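Heads up, the thing below is written out as structure tokens.
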Amino acid sequence: MAGSKVAGRPVPACVLGIDLGTTSVKVALLVEAEQGQVVAESCSRETQAHTSSLEAGPQGMEQNVRRIIRALNECLATLPQQQLQRVTHIGISGQMHGIVFWKKDKGCKWTECGTGPAFEPEEVSHLITWQDGRCSPTFLSSLPLPQSHISLATGFGCATVYWYLKKSPDFLKSYDAAGTIHDYVVAMLCDLKKPLMSIQNAASWGYFDSRNKSWNTDILKTSGFPVHLLPEVGDPDSIAGRTISAWHGIPKGAKVGIALGDFQCSVYSCLTERTDAVLNISTSAQLTISMPPGFQPPETPNPSSAVTYFPYFNGDYLAVAASLNGGNVLATFVDMVARWTEELGLQIQRSAIYTKIIKAALAQNDSKLSVHPTIFGERHIPEQFASVTNIAVSDLSLGHVTRALCRGIVENLCSMLPVQRLMETGVRRILGSGSALARNEVLRQEVERIFPFPVVYGKDVDAAVGAAMAMFHRK
Ligand SMILES: Nc1ncnc2c1ncn2[C@@H]1O[C@H](COP(=O)(O)OP(=O)(O)O)[C@@H](O)[C@H]1O
Ligand SMILES: O=C(CO)[C@@H](O)[C@H](O)[C@H](O)[C@H](O)COP(=O)(O)O
């Protein structure tokens with residue numbers, strides 16, 4: 001059942017948007033209304049998917065795909081059946097750069113659950129995420145030079161494949177398909193024999209030439225890279241296929257869009273003016289501005305540059321300060337407080353710690369502490385870790401430290417893409433997105449102090465909304 005028509009094509013009645021993030025899964029149901037698309041329902045669930053890496057040890061950052069899909073199923077099970085039965089299109093986004101391997105025809109099995117058929121992962125590897133640190137700078141420099149405008153970094157899909165090829169080759173022999181976690185979900189829903197990947201995600205894997213939209217196949221083949229694992233690549237507005245089964249009440253045959261980058265979808269959910277800058281703080285953090293139509297990134301990257309150019313929609317690019325240090329810094333601080341508390345013999349829920357540190361920081365309007373928060377390094381300076389300076393005995397309360405930490409996260413992003421450059425490019429407004437921002441008033445206060453522009457906030461399901469909107473707006 002479709003709504004009105006646009007350019008002769010029936011407009012979807014109801015679209016499901018999904019975001020498979022690093023910390024949580026978000027889903028959103030969008031319906032056509034007079035004022036445009038509106039969010040009728042949404043849900044988020046933490047995945048708790050972090051798991052140890054058998055091959056890479058402490059440098060590995062891997063997630064259990066079964067837990068990610070379980071969180072997705074839990075989210076969908078909360079949505080009203082009568083709405084799901086109206087879904088005609090599904091837009092899917094997720095954490096970029098990472099890689100999942102699976103065995104073709106055995107990637108999942110479909111079973112009956114409370115809300116109809118659903119799939120469960122079968123012969124699937126862990127997700128090696130964008131936070132993975134197994135590829136040291138020395139290892140990366142031993143690899144062939146990519147023909148791409150984006151510098152190769154640890155946690156990028158192709159770098160991870162090279163690591164397995166050289167350090168654990170038997171691992172690769174078990175699989176004959178690969179993609180990001182959201183490419184995996186698209187492939188399972190549509191029973192794709194060959195995974196399909198959007199330019200947005202291909203650019204995040206490395207060894208991808210965005211200009212001619214192709215993998216560096218010759219470079220990769222010459223070095224023994226298993227090119228059969230590389231997905232087919234398609235434009236961001238492509239339809240990957242149709243669902244092969246009813247899914248949580250969504251009718252069989254629903255159109256599924258090619259999987260998209262989460263940060264591009266977060267931007268797409270709110271960016272309306274070219275004078276807008278988007279600040280997304282989720283597990284990671286990105287500060288982004290639009291590049292002019294027709295912009296093409298330089299042929300070769302500047303590895304020391306903190307700004308990269310990421311494919312967006314319709315051939316456009318975004319200039320992005322993509323920090324590895326966002327909400328994950330706060331999550332690590334909360335985890336540290338929890339562990340210290342447990343060592344002192346007390347138990348306190350991490351959710352309670354978030355509430356208390358935010359409340360303490362709201363009561364502490366300023367702090368002279370200076371926190372450089374890069375506990376995860378940054379891609380352009382991987383070995384510069386965090387530091388705290390100007391520590392006075394008067395500034396040691398939980399409130400001081402939390403306020404300084406929130407300010408440091410925002411200042412770090414501004415050191416990568418300075419306010420001065422935003423002003424020079426004509427930015428007039430900051431659009432805020434991501435759960436870490438939506439759930440933390442101190443972080444919002446520090447954003448509003450640091451940026452000399454009005455700040456407008458989205459919801460905490462922005463990338464899921466953006467993925468759904470992209471389906472509505474397909475040409
Ligand atoms: N109870 C909470 N209160 C405030 N912030 C929280 C809370 N729980 C998690 N967060 C923040 O939210 C971040 C995760 O945001 P989310 O949008 O779920 O990430 P992603 O999109 O990467 O999966 C965490 O890194 C943490 O900083
Ligand atoms: O690192 C970059 C871009 O290079 C980020 O924009 C990247 O998309 C994100 O870190 C990952 O997609 C993870 O996003 P999230 O889970 O933090 O929302």
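Atoms considered below: every heavy atom in the structure, side chains included; atoms not considered: hydrogens, waters and symmetry mates. Start at 1 and go down the list; that is how both ligands and their atoms are numbered. Please read all numbers here as calculations on a predicted model, not as lab measurements.
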Is the closest heavy atom of Lys26 to ligand 1 under 4.0 Å?
yes

Does Asn440 come within less than 4.0 Å of ligand 1, judged by its heavy atoms?
no

Around [atom], find the nearest protein heavy atom and jot down its residue, atom name and distance.
{"atom": "atom 19 (O) of ligand 1", "value": "Thr283 OG1, 3.2 Å"}
{"atom": "atom 18 (O) of ligand 1", "value": "Ser24 OG, 2.6 Å"}
{"atom": "atom 27 (O) of ligand 1", "value": "Gly327 O, 2.8 Å"}
{"atom": "atom 17 (O) of ligand 1", "value": "Ser435 OG, 2.8 Å"}
{"atom": "atom 6 (C) of ligand 1", "value": "Tyr354 CE2, 3.5 Å"}

Donor-acceptor pair between [X] and [Y] side chains, under 3.5 angstrom:
{"X": "Glu62", "Y": "Ser53", "result": "yes"}
{"X": "Asp235", "Y": "Ser238", "result": "no"}
{"X": "Asp262", "Y": "Gln95", "result": "no"}
{"X": "Thr115", "Y": "His248", "result": "yes"}
{"X": "His473", "Y": "Gln37", "result": "yes"}
{"X": "Thr272", "Y": "Arg429", "result": "yes"}

Considering all heavy atoms of both residues, which atom of Val233 and which atom of Ser198 are nearest to each other, and what is their separation?
CG1-C, 4.3 Å

Heteroatom proximity flag, [X] to ligand 1, N/O under 3.5 Å:
{"X": "Thr23", "value": "yes"}
{"X": "Ser351", "value": "no"}
{"X": "Arg439", "value": "yes"}

From CA spacing to verdict: side-chain hydrogen bond (donor to acceptor under 3.5 Å, both in side chains), Thr180, Asp183:
CA-CA 5 Å; Thr180 63; Asp183 295 322; 2.7 Å; yes

Salt-bridge test for Arg449 and Glu446: reply yes if a basic N is under 4.0 Å from a carboxylate O, no otherwise.
yes

For Tyr162 and Tyr207, I'd like to know if the aromatic rings sit close, meaning centre-to-centre distance below 6.0 Å.
yes

What side-chain hydrogen bond (donor to acceptor under 3.5 Å, both in side chains) pairs are there with at least one residue in residues 317-331, not counting sequence neighbours?
Ser323-Glu378, Ser323-Asn412, Asn325-Glu378

Close-range residues for ligand 2, whose non-hydrogen atoms fall below the 4.0 Å threshold:
Gly21, Thr22, Gln95, Met96, His97, Trp130, Asp262, Phe263, Ser282, Thr283, Ser284, Gln286, Phe310, Ala322, Arg379

